[in-house]
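So the structure is just underneath, and the comments pick up after that.
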Amino acid sequence: MGIMTAVKSDFLHVMQERGFFHQCSDLAALDQKLCSGVQSAYIGFDATAQSLHIGNLTGIMMLYWFQQTGHKPITLMGGGTSKIGDPSFKDESRKLMDDDTIAANIEQIKATCFRQFLRYGDGPTDALMVNNDDWLSGLHYLSFLRDYGRHFTVNRMLSFDSVKLRLERESPLTLLEFNYMVMQGYDFLELHRRYGTLLQMGGSDQWGNIINGVDLGHKADQVQLFALTAPLLTTASGQKMGKTEKGAVWLNAAMLTPYDYWQYWRNVEDADVGKLLRRFTILPLDEIAKLESLGGSDINEAKKILAFEATKICHGEAAAQEAAATAQKVFEQGGVGDDLPSITVERARLSTGIALLDLLVEAGFAASKGEARRLVQGGGIRCNDNIVNDDKFVAKESDLTSEGYIKLSAGKKRHALVRI
RNA sequence: GGAGAGAUGGCUGAGCGGUCAAAAGCACCUGACUGUAAAUCAGGCGCCUUCGGGCUACGUAGGUUCAAAUCCUGCUCUCUCCA
């Protein structure tokens, strides 16, 4: 971690040594507050999908540690701000979402993304879930502008990096979207008023938005609020993290199976293993240091532990074990495991024969037959572990193994079972 | 309200009457090498196909032409400058 200001609070200490620390608005003062009693901190989450994804996991872990070190975490659902859409670093507007969709998303996220990490309840350090729609939707334009609009200067708002992209690209940034940062600033003030919340956290891309809230707290209520951001997650080779061939790495098992989730972690770059272990597992640091020091292909052991621990936290120990077991059978023994995706076909279809290309599309390996054909012609398709080069191949009953399935593979990593 | 510029595949961005399913780069997929890693190299990257070809695409609607992403007109949207 290098040399850093010595902090006394458990929470900031954990943030620093586990790699969550990027910027803080007034470290010494915040440290002091955290030492003086139970505090509350919040992070805002989008309600634009049915699930959060790995990109949100940093924030979730920050809240996890906040609670573990004796404080009260607040998860703020952006039910109101989702009606606007954060324009930060985006080069075009998002579609606006209707109320019902947003409400349904929030329900899903509550149930599948937070509960594993945070203990909710009424106790002093129990987590709290709030929705900014509760206060934003009732705002009156004129009085809001008069009371809070005067604390924001456009000059300053234009100086934020988050809007610069849009301006530089000469891509339209609507007033609606421009207001996002004002709303987010107001959220902070509102949470301070309601719960005495002193700290907002987030990824480093949220710094500007958070600081707006800090400034507003100072100007409107003469209180000192704090900002703490974590380094944005990128891979060692500089790519954004959190994408798979299937899209975002969702936390909701209904959107990404625990097996695929496990696989995501198993396939991270060597150079990222230590960083990810610190950030997304709760293993002791000395153990992580050992794992991180493994060289060459031994690092794979560390990746398996990362995958297991990360999956366990999110989907539970049983799911993590199953995923690990399937992975072992598939990759280390060349077999199959229970967690592999499977599709079911009717026996009658199979007895007349099913074109391999159709099967590949049905299994989700290709979006079209043309794409499936290219996969076959490129040598990327195996059927029961034998490469199939013939794009006219037809699967028949005789291709079923003695266990009653056909194992289809696309590339080295994607496998599926065809069952009757 | 006035004057210019522009809208091309997931993104950036060439093309400016046929040789354009559209250069190049990025992203993505597959193969080789490996360690289910990175880097590198090779191939692929609209849809369908009996592999001959067919179909739909260059903001949108029309038009001119044997032929249009390319020319003309209306519309929509964006940017810049002026009021």
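Chain letters run A, B, ... following the sequence lines, proteins first and then strands; every chain starts at 1.
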More than 12 heavy atoms of other residues, nucleotides or ligands under 6.0 Å from CD of Glu332(A): is that the case?
yes
Syn within 90° of 0, anti beyond: G10(B) is anti
I'd like to know if Lys72(A) and Asp126(A) make a salt bridge, using a cut-off of under 4.0 Å between side-chain N and carboxylate O.
no
What contact category does Val268(A) fall into here, base, sugar-phosphate, or nothing, at under 4.0 angstrom with non-hydrogen atoms?
sugar-phosphate
Roughly, in whole Å, what's the span from CG in Asp298(A) to P in A37(B)?
16 Å
What distance, rounded to whole Å, do you find between the two P atoms, one in U80(B) and one in G13(B)?
16 Å
Is Lys275(A) paired with Glu292(A) through a side-chain N to carboxylate O contact shorter than 4.0 Å?
no
Nucleotide paired to A24(B) in any strand shown, Watson-Crick or G-U, under 3.5 Å
U12(B)
C1' atoms of C66(B) and G46(B), separation to the nearest Å:
27 Å
Of U30(B), G35(B), U36(B), the nucleotide closest to the side chain of Trp262(A) is U36(B)
Any salt bridge between Glu371(A) and Arg374(A), counting N to O under 4.0 Å?
no
Separation of G43(B) atom P from Ile381(A) atom CD1, nearest Å, is 20 Å
Just to be sure I understand the rule, does Ile299(A) reach a base, reach only the sugar-phosphate, or reach nothing, if contact means heavy atoms closer than 4.0 Å?
base
By the definition side-chain hydrogen bond (donor to acceptor under 3.5 Å, both in side chains), identify the one residue from Gln184(A), Gln206(A), His192(A) that meets it with Gln200(A).
Gln184(A)
For the P atoms, the ones on C55(B) and on U65(B), what distance do you get once it is rounded to whole angstrom?
23 Å
Look at the side chain of Asp270(A) against the base of G35(B) and say whether a donor-acceptor pair falls under 3.5 Å; ignore hydrogens and angles.
yes
Stepwise side-chain contact (heavy atoms from CB on, under 4.5 Å) check, Trp265(A) with Val249(A):
CA-CA 10 Å; Trp265(A) 294 107; Val249(A) 182; 5.5 Å; no
P-based separation of C11(B) from U49(B) [nearest Å]:
27 Å
Do other residues, nucleotides or ligands put more than 12 heavy atoms under 6.0 Å from the NZ atom of Lys8(A)?
no
With rounding to whole Å, what would you report as the distance between G74(B) and U64(B) at their C1' atoms?
15 Å
U65(B) pairs with, by Watson-Crick or G-U criteria that keep both distances under 3.5 Å:
none
Taking atom CZ of Arg119(A) as the centre, report whether more than 12 heavy atoms of other residues, nucleotides or ligands fall under 6.0 Å from it.
yes
Nearest-angstrom distance from the residue atom CD of Glu301(A) to P of A37(B):
15 Å
Residues from residues 362-370 of chain A lying under 4.0 Å of RNA chain B - heavy atoms:
Ser368(A), Lys369(A), Gly370(A)
Between P of U36(B) and CG of Leu340(A), the distance in whole Å
16 Å
With rounding to the closest Å, how many angstrom separate the C1' atoms on C47(B) and A7(B)?
25 Å
Rounded to whole angstroms, how far apart are NZ on Lys304(A) and P on A37(B)?
13 Å
Determine which nucleotide pairs with U19(B), using a 3.5 Å limit on both distances of a Watson-Crick or G-U wobble pair.
none
Just compare U30(B), G35(B), U34(B) and give me whichever is closest to any side-chain atom of Lys412(A).
U34(B)
Has Asp338(A) got more than 12 heavy atoms of other residues, nucleotides or ligands less than 6.0 Å from its CG?
no
Inter-nucleotide C1' distance (G15(B), A21(B)), Å rounded
14 Å
Could you tell me how far apart Lys413(A) (NZ) and A37(B) (P) are, to the nearest whole angstrom?
4 Å
Taking C75(B) as the reference, what is the distance to C20(B) when you measure between their C1' atoms (whole Å, please)?
27 Å
Interatomic distance where CG belongs to Leu294(A) and C1' belongs to G35(B) [whole Å]
13 Å
Ignoring the backbone of Ala327(A), work out which of G35(B), C29(B), U36(B) is nearest its side chain.
U36(B)
Please report the distance, rounded to the nearest Å, between CZ in Arg382(A) and C1' in G31(B).
11 Å
The nucleotide from U36(B), A38(B), G35(B) with an atom nearest the side chain of Glu269(A) is A38(B)
side-chain N/O Arg373(A) vs C51(B) OP1/OP2, d < 4.0 Å
no
Does A3(B) have a Watson-Crick or wobble partner in any strand here, with both distances under 3.5 angstrom, and which is it?
U80(B)
Got more than 12 heavy atoms from elsewhere within 6.0 Å of NE2, His13(A)?
no
Assign Gln377(A) to base, sugar-phosphate, or nothing according to its heavy-atom contacts below 4.0 angstrom with the strands shown.
nothing
Pair assignment for G59(B), Watson-Crick or G-U wobble, requiring both distances under 3.5 Å
C75(B)
Examine C47(B): is either OP1 or OP2 under 4.0 Å from a nitrogen or oxygen in the side chain of Arg374(A)? Give yes or no.
yes
Taking the nucleotide of RNA chain B with the nearest heavy atom to each, does Glu332(A) or Asp391(A) sit closer to the 5' end?
Glu332(A)
5' precedence on RNA chain B between Gly378(A) and Phe331(A) (nearest-nucleotide basis):
Gly378(A)
Just name whichever nucleotide pairs with A42(B), Watson-Crick or G-U, keeping both distances under 3.5 Å, else none.
U30(B)
